[in-house]
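A quick write-up on the structure given underneath.
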2 protein chains.
Amino acid sequence: MRKPAPPESAGEDKSSDIKTLSRRLKMSAVRPHDSGSGQSHLMYQGRLHGALARQLGVDILRGVYRQGEILPNEIDSSSSLDISRSAYREAIRILAAKGMVESRPKTGTRVTERARWNLLDPEVLGWMFETEPPHDFVKALFELRLITEPAAAELAAQRRTDEQIESMRHSLDIMKRETLQTEAGRRADLEFHHVLIQATDNEALASLSSSIGAAVSWTTRYKARHNALTRDPVPDHERVFEAVAAGDGRAARWCMESLIRMAHEDTERAFQN
Amino acid sequence: MRKPAPPESAGEDKSSDIKTLSRRLKMSAVRPHDSGSGQSHLMYQGRLHGALARQLGVDILRGVYRQGEILPNEIDSSSSLDISRSAYREAIRILAAKGMVESRPKTGTRVTERARWNLLDPEVLGWMFETEPPHDFVKALFELRLITEPAAAELAAQRRTDEQIESMRHSLDIMKRETLQTEAGRRADLEFHHVLIQATDNEALASLSSSIGAAVSWTTRYKARHNALTRDPVPDHERVFEAVAAGDGRAARWCMESLIRMAHEDTERAFQN
DNA sequence: GGCGGTTATTTTGTGTGATTTATAGATTTC
DNA sequence: GAAATCTATAAATCACACAAAATAACCGCC
């Protein structure tokens, strides 16, 4: 009694998307000359398989395709999207690599259970923030940040090199000048956090934080877009910096904790209006 | 019909591997009837693209291919491995999805800088533990665990449901009976941690912990293999369990911290002989 | 009638070759 | 010298064929 027939009947809501998907895919696949952003290396820039993976990934995350659901077979999918089977298959491989689908002969390709999705994969996080993400998820993400980042700051304070201090000071100067309203300012913010993480001398922590950091920078854009008046983040950053420079682990931890709480509050407020 | 004799390129430091790679690939691709294990859903079981991705992934992690290095082009690679371009390309897509390579026309496929690898991806972690991983990495991983898991335990203590308590108690009983020497015992250990993580009610944290948890369970096998005499882990688990059941966050955090320190010590000792 | 093994069918997996597109690097132009 | 243009190369895409795997249907058998 598994699932005798795929919920094909109610598929209209899906096929209406599919009609325009092909067009959208090719639109989104054309590389927009690195549209303004500058910071994000999007891994499969402008490639068809990448664009399709992103589209399917977003659809899965938003629940258009649900856990356990079986996607139409390769032939049908690729022909209705008007792309080659190869491109389609490569897109599926990408999603499989992120734990979101699983394919086997005869059975087809099915969406795996949510617990197996690599939610902290940088791209998956990016897809999550393509549209307004669920509040629960944002909350969970900040809760995780609140666990890891202060600890990271503490380690950084103990292990940082003088070079790293210099680099952070430089980024901080740019932030002061540019604020988070400009691309350069946001880049400096990311760079600041990046060097801070490098200073922990812990690869695993670095990998985690850079994923989350990138995702959180999307929320910064949300905030900017929603015109939510956010506090000036520079003083918070400065306090963290001072503590790390002084090698004071306890203080660094505490300041970072406070910085993240602020950021979370700002983000929550942005989502509420 | 086989291939029309691939162009035997000159033997270099790398091609010595390549000569046997094709054979090894197909050996490792044959699904060994889910060989005994039971727990690991290996995502691309027995598929050629999966086996190749794994092989290349391991080679990259071990430094056979280095950051910034450019792989031979598709044609040469696939023909020298005696596999089709499709399979090769799909393998590359998998690696690209994990941030380990990046391919563009004209340039070719190059290994990205290490900072961009998704080291916390479950499969990447698995590849890391295919052979004895670098001590630094194991240290970093335990340091990360030491940050996240105690915090997770604290949250779990505050949020767990009675059902989850029951489930954990059950796993603990199995562990007592089986120890970590048996597959069933290790499975119960994983299940215990899994439920604990579920109890945090934080998807992001859960995703992280399950990745790391799976990887760490490989070290358990190392320990068993190296006959390192490890302490009995049950009392530690029991203390954590009691604290979580009692809803005592502080105690849960502290017990978990101690549990992980023990596990780390045991692992270090196993690697040293 | 229920059961064990065999065959059919469906879907992904793999293989091949042709064609198109993107782009680093050389070349030319101003 | 800098900017625009050309060119060669490698990936990207496409199309089609066939193999392998896994489920579903079948069939004979007791």
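In what follows, chains carry the letters A, B, and so on, assigned in the order in which the sequence lines appear, proteins first and then strands, with residues in each chain numbered from 1.
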Quick one: which of D/dA17, C/dT16, C/dT23 gets closest to the side chain of A/Arg85? D/dA17
Choosing from C/dG15, D/dA22, D/dA11, which nucleotide comes nearest the side chain of B/Ile83? C/dG15
Atom CG of A/Asn73 and atom C1' of D/dA22: how far apart are they, to the nearest Å? 15 Å
Considering only heavy side-chain atoms of B/Glu74, the closest of C/dA24, D/dA11, D/dC14 is D/dA11
Closest non-hydrogen atom pair, B/Leu120 against A/Ser207: N-OG, 4.2 Å
Would you state whether a donor and an acceptor, one from the side chain of A/Arg93 and one from the base of C/dG13, lie under 3.5 Å apart? no
Considering all heavy atoms, the nearest A/Val195-A/Ser167 contact: CG2-OG, 3.3 Å
B/Ile70 CD1 to C/dT23 P: how many Å, rounded? 15 Å
Give a yes/no on whether any side-chain N or O of B/Ser84 is located under 4.0 angstrom from OP1 or OP2 of C/dG15. yes
Below 4.0 Å: OP1/OP2 of C/dA22 and any side-chain N or O of B/Arg104: no
Please report, rounded to the nearest Å, how far the P atom of C/dT20 is from the CZ atom of A/Arg47. 18 Å
Kindly point out which of C/dG13, D/dA11, D/dC14 is positioned nearest to the side chain of A/Arg89? C/dG13
Nearest-nucleotide wise, let me know which of A/Ala87 and B/Ile75 is further upstream toward the 5' end of DNA chain D. B/Ile75
Which atom of A/Arg66 lies closest to which atom of A/Val111, heavy atoms considered: O-CB, 3.4 Å
Just checking, any donor-acceptor pair under 3.5 angstrom between side chains of B/Glu74 and B/Ser78? no
NA contact type, B/Ser86, heavy-atom cut-off 4.0 Å: base, sugar-phosphate, or nothing? base
